[in-house]
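Below is one structure; the comments refer to it alone.
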Amino acid sequence: MKIAILGGGLTGLTLAYLMKQNGLDFDVLEKGEECGGLMKSLRTKEFTFDYGGSHIIFSKNKRVLRFMLGLLGKNKIRRRRNTKILYKGRYVKYPFENGLADLPKEENYECLCHFIQNLIRRERGEVEKPNNLREWCFYTFGKGIAEKYLIPYNEKIWKYPSQKIGLEWVKRIPNPPVEDIIKSSLGITTEGYTHQLHFYYPRNGGIQSLIKSLEQKIEQHIITRFEVKKIRKEDDKWIISNGKSEKVYNKIISTIPIQELTKAVNPPKKVQDSVCNLKYNSIISVMIGLDRKRINRLSWLYVPDRKFLAHRVSFPSNFSPNVAPRTKSSLLAEITCNVGDKMWTTKDKEIINATVSDLQQMRIINESDVCLADIRRTEFAYVINDLDYHRNMKTIRDYFRRVGIDLVGRFAEFKYLNMDDCIESALNYLHAG
Ligand SMILES: Cc1cc2nc3c(=O)[nH]c(=O)nc-3n(C[C@H](O)[C@H](O)[C@H](O)COP(=O)(O)OP(=O)(O)OC[C@H]3O[C@@H](n4cnc5c(N)ncnc54)[C@H](O)[C@@H]3O)c2cc1C
């Protein structure tokens, strides 16, 4: 029984590692020159940047967290989150509902008042249950927090109207306790999203060091530069081709984006249409090195204001001092877009210049301190749960289940899966199989 694992990102490599432990025979087929997918890190001029987007390690799932930390061994640092939202020129503590006292008094009052009024109306059954992200923001937080931060930020990152986004993603966000909102408004410290309050990061090598550690354990099973282009079944065997050579397997587990798999399998039109209708967005990472030992003490900064390109700016040299030269610091600005749109087709140089100018306007950097600027684009970054998501995914899942190709991982399952969720998916898959 020989198994093909399509894709050498975190999910593919975790599956491979677990299979090896279970004595199974398999290959990992990866199209890139190296493995890692979204978790690749660029090393340049003594800087290290996670160019698939800023990554940190955290999880509610203790077993999975142990698994990730075990992969890093001694190569890890624990940090306490120090994250802010740039709101009308001020730094507001993250999450926004825990930082109300940082707002101008009038706006703080509006947020608190709307939250409480909304809560009372909800208790009386006067507020209808939400059907989309926009309604959920109002339903959960009231008008103030929804309109000032949640809706603008979400629409900026998703590049999609909030009334057309479903509730898949928000299900895991707990309702904020009213006590916390009152405390936050009065300036008494509270923390939200607490399972991420402390996070880990590799001391050396950026987030790709997690990948490298997995790779070392299964090296002889990885075939890179093998882009899966065609898949067909002959008798009970799967034939996988990259356009130049063919490989034969008894079973396929796919971790590559469902869009890529569909191209290779050529399913009925109904399935192809459902895949075409799935929504996702892409990311442009602008990586900046600065000729300053420390620019601030922030972990990362959310930027809801649309006049700035990036929705988030992170500060990797505050995660680990070893990702920048000793006398320098670094930041990474993330911009979401869609392949082929105006942002995606803008020249690299123009995006870098505009980002540097934004960062200067935000008073985060001085342009004269920039000693390195680079950019990378990633097509598959975020799954968008539009309102047709469940219908489309049912058609797709039913089809692949029927033909016998298993889907595991962020863009294969087409779900908002973080690293810990991907590992959990791989563990569950092996456990069930
Ligand atoms: C901006 C951003 C920030 C994130 N931050 C965090 C964070 O802080 N913490 C966290 O836990 N998670 C974070 N994540 C999520 C995390 O990156 C993913 O959960 C994880 O990397 C997904 O791994 P994967 O293997 O499922 O998919 P991928 O990483 O997408 O891997 C898929 C692999 O398939 C390969 N492939 C594609 N097509 C083919 C083909 N035709 N043939 C062969 N190979 C192919 C690709 O090259 C790639 O290597 C973040 C994600 C993004 C986008």
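Start at 1 and go down the list; that is how both ligands and their atoms are numbered.
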Checklist entry - If you measure only the distance, is there a donor-acceptor pair under 3.5 Å linking the side chains of Asn281 and Asn338? => result no
Checklist entry - For ligand 1, is there an atom lying under 4.0 Å from some heavy atom of Phe199? => result no
Item to check | Ion pair check, Arg232 and Glu246, cut-off under 4.0 Å | outcome: yes
Next on the checklist: Check contact between Phe380 and ligand 1, using heavy atoms of the residue and a distance below 4.0 angstrom.
Outcome noted: no
Checklist outcome for this item: If you compare His55, Met39, Glu413 by their heavy atoms, the one closest to atom 16 (C) of ligand 1 turns out to be His55
Checklist entry - What do you reckon, does Arg410 have a nitrogen or oxygen under 3.5 Å from a nitrogen or oxygen of ligand 1? => result yes
Checklist entry - So do the side chains of Ile288 and Leu332 get within less than 4.5 Å of each other, counting heavy atoms only? => result no
Checklist entry - Nearest to atom 22 (C) of ligand 1 by heavy atom, Ser314, Ala426, Cys422: which? => result Cys422
Next on the checklist: Please identify which of these residues, Arg63, Lys60, Met68, His195, meets the side chain to side chain contact (heavy atoms under 4.5 Å, CB included) condition with Asp420.
Outcome noted: Met68
Checklist entry - Would a line drawn from the ring center of Trp158 to the ring center of Trp169 be shorter than 6.0 Å? => result yes
Next on the checklist: Looking at ligand 1, is there an atom of it that comes within less than 4.0 Å of some heavy atom belonging to Leu29?
Outcome noted: yes
Checklist outcome for this item: Closest to atom 32 (C) of ligand 1 by heavy-atom distance, out of Leu10, Thr255, Ile211, is Thr255
